[in-house]
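Beneath this line is the structure, given in structure tokens, with notes to follow.
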Amino acid sequence: MYFFDELSPYKQQDDLIRLTLATGPSVEPITKTECKRHLSIAESNTSHDNELDVLIESARRKLEEDTGLAVISQTYTQVFPVFVDGLRLARSPLTAVSSITYYDSADVQQTLSTSVYGVDLPTRQIRLKSNQDWPDTYQRWDAITVTFTAGYASASLVPANIKHALLTLVAYYFDLDRGDNPQATSPRTYQHLIANITRATYP
């Protein structure tokens, strides 16, 4: 994996997020063919294929870390200590909440009924429905676990600016591996792209 502090001005620092990836994406948002075209490598040249597979995944994970996005559909769990109206999930675009479990006042795990809460997908918030109350929970840091899905359903739905940032980062890593001076794919190019992506996808 590739992690460089100079590429991470937008990295989330909230230690209370407590987010865990449950199921990763089944495909990547960009292909080796797209990367080869971007790098001016002949499509028939397979000598870099294994390396490009690694760099594509590394670039996607890096962009997700920096922006709070899930680029391709993935399933996560996120834990919270207490119920409050407007619990915000840590990855966007949020597509579904599949379950909410909690430890009741007797420290027994229960599943929260969907009649109690609704999900505001655009803001990634879990909201209390009218005439409902949050259940009491046991005092523990992982009292509540939300299982949810976030990310674009297919590579064809990933916005062009996100793909551009991924291709730029793959090219940067590719040049670094060879000791080249990656002038055309500098960290500033990537920073500029993810700054625009982060503003466009807020919150």
Side-chain angles (χ1 to χ4, degrees), residues 1 8 10-30 57-159 161-163 165-166 194 196-203:
M1 302 299 292
S8 306
Y10 310 102
K11 180 178 178 181
Q12 296 185 24
Q13 300 295 329
D14 187 355
D15 291 333
L16 299 180
I17 283 177
R18 298 191 176 102
L19 181 73
T20 301
L21 178 66
T23 305
S26 59
V27 297
E28 292 293 346
I30 55 175
E57 181 180 352
S58 295
R60 173 183 55 77
R61 287 176 176 268
K62 178 64 177 167
L63 186 144
E64 290 173 339
E65 178 188 349
D66 289 342
T67 63
L69 287 171
V71 178
I72 287 286
S73 185
Q74 302 166 64
T75 301
Y76 297 88
T77 60
Q78 185 173 348
V79 299
F80 301 88
V82 294
F83 279 116
V84 295
D85 191 33
L87 284 180
R88 190 184 298 277
L89 302 174
R91 284 290 182 266
S92 65
L94 177 65
T95 57
V97 170
S98 55
S99 69
I100 299 177
T101 60
Y102 66 98
Y103 288 92
D104 64 17
S105 56
D107 201 19
V108 176
Q109 192 172 48
Q110 308 285 351
T111 298
L112 186 64
S113 170
T114 55
S115 65
V116 175
Y117 69 94
V119 181
D120 184 353
L121 294 177
T123 65
R124 312 191 314 275
Q125 290 181 298
I126 297 169
R127 310 307 300 259
L128 189 67
K129 288 185 176 179
S130 298
N131 301 315
Q132 295 291 333
D133 294 303
W134 295 119
D136 292 332
T137 57
Y138 198 77
Q139 187 173 351
R140 49 187 292 171
W141 64 269
D142 60 347
I144 301 156
T145 299
V146 182
T147 302
F148 67 95
T149 303
Y152 297 96
S154 68
S156 64
L157 296 176
V158 176
N161 58 345
I162 294 177
K163 289 191 174 187
L166 291 170
I194 65 167
N196 289 333
I197 291 166
T198 302
R199 284 195 292 269
T201 57
Y202 182 82

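What you see below is based on every heavy atom in this structure, not just the backbone, and it leaves out hydrogens, waters and symmetry mates. Keep in mind it's a predicted model, so treat the numbers as computed, not measured.
Side-chain contact between Ile162 and Pro29: absent, with no pair of heavy atoms (C-beta onward) separated by less than 4.5 Å. A 4.5 Å side-chain heavy-atom check between Tyr117 and Leu87 finds every atom pair outside the cut-off. Within the 4.5 Å cutoff, the side chain of Asp142 has no heavy atoms near those of the Arg18 side chain. Using a 4.5 Å heavy-atom threshold, the side chains of Val97 and Leu89 count as touching. Using a 4.5 Å cut-off on side-chain heavy atoms (C-beta onward), Leu128 and Val116 make contact. Counting heavy atoms from C-beta outward, Phe148 and Leu19 have side chains that approach closer than 4.5 Å.
Judged purely by atom type and a 3.5 angstrom limit, Ser98 uses its side chain to pair as donor or acceptor with the backbone of Thr147.
Ion pair Arg60/Glu64 flagged as a salt bridge, since at least one NZ, NE, NH1 or NH2 atom sits closer than 4.0 Å to an Asp/Glu carboxylate oxygen.
In plain terms, the two heavy atoms of Tyr152 and Leu157 that are nearest each other are CD2-O, 3.6 Å. Leu121 and Ala96 make their closest contact through CD2-N, 4.1 Å (heavy atoms, listed as atom of the first residue, atom of the second, distance). In this structure, Thr75 and Leu21 approach most closely via the heavy-atom pair O-CD1, 3.6 Å. Contact record, Thr137 with Ala143: CB-CB, 4.2 Å, taken as the closest heavy-atom pair. Closest approach of Ala70 and Pro93 over heavy atoms only: O-CD, 3.7 Å. Considering every non-hydrogen atom in both Thr95 and Ala150, the closest pair reads OG1-N, 3.9 Å.
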inquiry  = Let's go through Thr123 and Arg88 carefully: what are the C-alpha distance in whole Å and the side-chain angles of both, what is the deciding distance for side chain to side chain contact (heavy atoms under 4.5 Å, CB included) to 0.1 Å, and is it a yes or a no?
reply    = CA-CA 8 Å; Thr123 65; Arg88 190 184 298 277; 4.1 Å; yes

*Please walk me through it: do Ser73 and Thr149 pass side chain to side chain contact (heavy atoms under 4.5 Å, CB included)?*
CA-CA 7 Å; Ser73 185; Thr149 303; 3.4 Å; yes

- Message: Is there a side chain to side chain contact (heavy atoms under 4.5 Å, CB included) between Leu69 and Ser92? Walk through the geometry before answering.
- Response: CA-CA 5 Å; Leu69 287 171; Ser92 65; 3.5 Å; yes

**OP:** Applying side chain to side chain contact (heavy atoms under 4.5 Å, CB included), run through Trp134 and Leu112 and close with a yes or a no.
**Re:** CA-CA 9 Å; Trp134 295 119; Leu112 186 64; 3.8 Å; yes

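Under the 30°/60° scheme for interplanar angles, the aromatic rings of Phe83 and Tyr102 are found to stand perpendicular.
Neither side chain, Tyr76 nor Gln78, offers a donor N or O lying under 3.5 Å from an acceptor on the other.
By the 6.0 Å contact criterion, CG on Asp120 is enclosed, its count of non-hydrogen atoms from other residues, nucleotides or ligands being greater than 12.
Among residues two or more places apart in sequence or in another chain, the side chain to side chain donor-acceptor pair (under 3.5 Å) test is passed with Asp85 by Arg127.
With rounding to the nearest 0.5 angstrom, the OG1 atom of Thr67 is 7.0 Å from the CD1 atom of Ile197.
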